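Note sheet for the following structure.
Note that the structure is a prediction, hence the values are computed from the model and not measured.
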Amino acid sequence: MFKRLAKAAVTAVLIAGLGACSNGGDVRDEGANHSAGVGQDSGKAAGERRPASADASVFGLRDEVRHRAALTTRAKRPHMTKKCTTATRRVKHTTSTGSGAKRRTRTWYSTEHSKSCKQVRSGTETYTRVVRREQWCVSLDDVSGDKNKDDVWYQVSRTTYDAAIGTDEHARMDFTPKDTGC
């Protein structure tokens, strides 16, 4: 049991370290040769995080865009199955008619069936674990008009990413990011 737990911990640390060091699955665009309008993100989906600043909207000059594919790995977990047991119980029934000396009691028996189920571990199963979710990122120069604030990465929605690809490099962009960094 301990060996299996230790092996899983070492594997998780190794995957995290390799994922942080590699550029695997990253797609970078240094600039586009065509122009298109840049739109705003519409609304906030459930579970999205916002930057820590008071004003969540940012603007600046588009520098680079990056698409990071989802990173997955195969992992094992306990396979749970439902185990049910049945039980029977003999139940006594009585009914009475009349009163006094003419009182009659009738007795009969029946069987009640009951079933109880619980989840029990039955070996292991292999599944695909998501190490990193898919990300769309945009890098801005001159963020919020500050000439010294260059190459700041923001995670954005797919629609903002598509709009950024459709713009020229160093075109002004204004959007609401999901998170900072990429």
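Qualifying side chain to side chain contact (heavy atoms under 4.5 Å, CB included) partners for R103, counting only residues two or more places apart in sequence or in other chains: S96. In this structure T85 satisfies the side chain to side chain donor-acceptor pair (under 3.5 Å) test together with S116, sequence neighbours excluded. Listed by chain and residue number, L140, K149, V152, Y154 satisfy the side chain to side chain contact (heavy atoms under 4.5 Å, CB included) test with V143 (two or more places apart in sequence, or in another chain). The ring-ring contact (aromatic ring centres under 6.0 Å, His included) check on H113 picks up nothing, with sequence neighbours excluded. Scored by the side chain to side chain donor-acceptor pair (under 3.5 Å) test, T128 finds R74 as partners (sequence neighbours excluded). R89 is linked by a salt bridge (Lys or Arg N to Asp or Glu O under 4.0 Å) to E112, counting only residues two or more places apart in sequence or in another chain. Listed by chain and number, the residues in a side chain to side chain contact (heavy atoms under 4.5 Å, CB included) with T81 are H79, V120, S122 (sequence neighbours excluded). Partners of D150 according to the salt bridge (Lys or Arg N to Asp or Glu O under 4.0 Å) rule, which considers only residues two or more places apart in sequence or in another chain, do not exist here. Listed by chain and number, the residues in a side chain to side chain contact (heavy atoms under 4.5 Å, CB included) with S99 amount to none (sequence neighbours excluded). Scanning for salt bridge (Lys or Arg N to Asp or Glu O under 4.0 Å) contacts around R77 gives E125, with sequence neighbours left out.
Smallest separation of non-hydrogen atoms from P177 and A56: CD-O, 3.2 Å. The nearest pair of heavy atoms linking R121 to T124 is NH2-CG2, 3.8 Å. Of all non-hydrogen atoms in R66 and W153, the two that sit nearest each other are NH2-CZ2, 3.5 Å. A pairwise comparison of heavy atoms in A164 and V65 identifies CB-CG1, 3.6 Å as the closest pair.
Atom CZ of R129 and atom CG of L71 lie 9.0 Å apart (nearest 0.5 Å). Rounded to the nearest 0.5 Å, atoms CG (D151) and CG (D142) are 10.0 Å apart. If you take OH on Y109 and NZ on K92, they are separated by 4.5 Å, rounding to the nearest 0.5 Å. Between the CD atom in Q155 and the CH2 atom in W136 there is a gap of 10.5 Å [rounded to 0.5 Å]. In this structure, the separation between OG1 on T86 and NZ on K115 is 8.5 Å, given to the nearest 0.5 Å.
Between Q119 and K82, the closest side-chain pair of non-hydrogen atoms falls below 4.5 Å. The shortest side-chain heavy-atom distance between T95 and W108 falls under the 4.5 Å cut-off. Side-chain contact between E169 and R62 is present, with heavy atoms from C-beta onward closer than 4.5 Å.
Residue pairs meeting the disulfide (SG to SG under 2.5 Å) criterion with at least one member in residues 58-123, sequence neighbours excluded, are C84-C117. Pairs passing the disulfide (SG to SG under 2.5 Å) check and including a residue from residues 150-182, sequence neighbours excluded, read C137-C182.
Under the side chain to side chain contact (heavy atoms under 4.5 Å, CB included) rule, R68 has a single partner from E134, R133, R132, which is R132.
In the hydrophobic clustering of this structure, V58 does not group with L61; members are Ile, Leu, Val, Met, Phe, Trp, Tyr whose side-chain heavy atoms approach within less than 4.5 Å, directly or through other members.
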